[in-house]
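One structure is given below, encoded as C-alpha cells.
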Amino acid sequence: MDKIKRLAFGTDHTAVNLRNAIKEYLQTINCEVEDFGFSGYGDCDYPEYAVKVAEVVVDKKVDKGILICGTGIGMSIAANKVKGAIAAVCWNEATAKLVALHNCANILCLGSRTATTNEICSRIRIFLETPFDERHLKRIEKIKEIEELRPQ
Ligand code: RB5
C-alpha cells in the first residue's frame with residue numbers, strides 16, 4: 001500500500017499469542033497501528049476493546065479498525081453498538097474484500113480460533129486495499145437510517 005493507513009487494533013485474550021506478529025506484519029504494509037488490545041494474563045471481556053476501537057474509528061482519528069476475538073463475532077456485535085461503526089466479520093479472502101467493496105465496513109473483525117495468523121494478515125491486507133463501490137451507497141444510507149430510529 002502506498003499511502004500510510006492509520007489503524008486502531010483491538011484484541012481479547014484469545015489473540016494474545018498472535019497480536020505481535022499481526023502488528024509487525026501491518027507495519028510492513030505501511031500501516032501505523034494504535035493498539036487498544038489486551039496484553040495481560042488470564043481472560044478479559046471483548047466489548048471493552050471493541051468500544052475503544054469503534055470510537056476512534058467513528059471519530060475519524062484513524063482510517064480503519066481491526067478487531068480480533070475467538071470468532072470475530074462478539075467484537076462485531078459490540079462494535080456495531082457504536083453509532084457510525086460498520087464492523088463486519090470475514091471468514092475468507094473473498095468476504096474480506098466484499099465487506100469493504102459492498103458493505104463499506106470501517107472495522108474488520110476476525111477470529112483467532114477460526115483462522116491462522118497468515119490468513120488473518122492476508123484478509124486484513126485485502127480489506128485495506130479494497131475501496132468502497134459507491135454503487136452500494138443507497139444500501140449503506142438505509143442502514144444509517146436505522147440508527148436514527150431510536151435515540152442512543
Ligand atoms: C472468549 O472466550 C470468546 O467468547 C470471545 O473471544 C469471542 O469469540 C466472542 O465472540
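Position 1 is the first residue of the sequence, and the numbers go up from there. In each ligand, atom 1 is the first atom listed, and ligand 1 is the first ligand listed. Bear in mind the structure is a predicted one, so any value in this text is a computation, not a measurement.
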Heavy-atom pairs closer than 4.0 Å: do any link ligand 1 to the side chain of Met75, the backbone, both, or neither?
neither
One residue to check: Thr14. Relative to ligand 1, which of side chain, backbone, both or neither has a non-hydrogen atom less than 4.0 Å away?
side chain
Looking only at distances, can you tell me whether any N or O atom of [X], backbone or side chain, sits closer than 3.5 Å to an N or O atom of ligand 1?
| X | answer |
| --- | --- |
| Tyr46 | no |
| Gly74 | yes |
| Gly72 | no |

Hey, looking at atom 7 (C) of ligand 1, which of Cys109, Cys69, Pro47, Ser76 has the closest heavy atom?
Cys69
Mark yes or no: Lys64 above the aromatic ring of Phe127, with NZ or CZ under 6.0 Å from the six-membered ring centre and no more than 45 degrees from the axis.
yes
Do you know the tightest heavy-atom contact between Phe9 and Val33?
CB-CG1, 3.6 Å
Cationic N near anionic O, under 4.0 Å, Lys83 to Glu148:
yes
Lys97 atom NZ: more than 12 heavy-atom contacts under 6.0 Å
no
What are the atoms of ligand 1, with element, lying closer than 4.0 Å to any heavy atom of His13?
1 (C), 2 (O)
Regarding Thr116 and Asn118, do their side chains bring together a donor and an acceptor under 3.5 Å, going by distance alone?
no
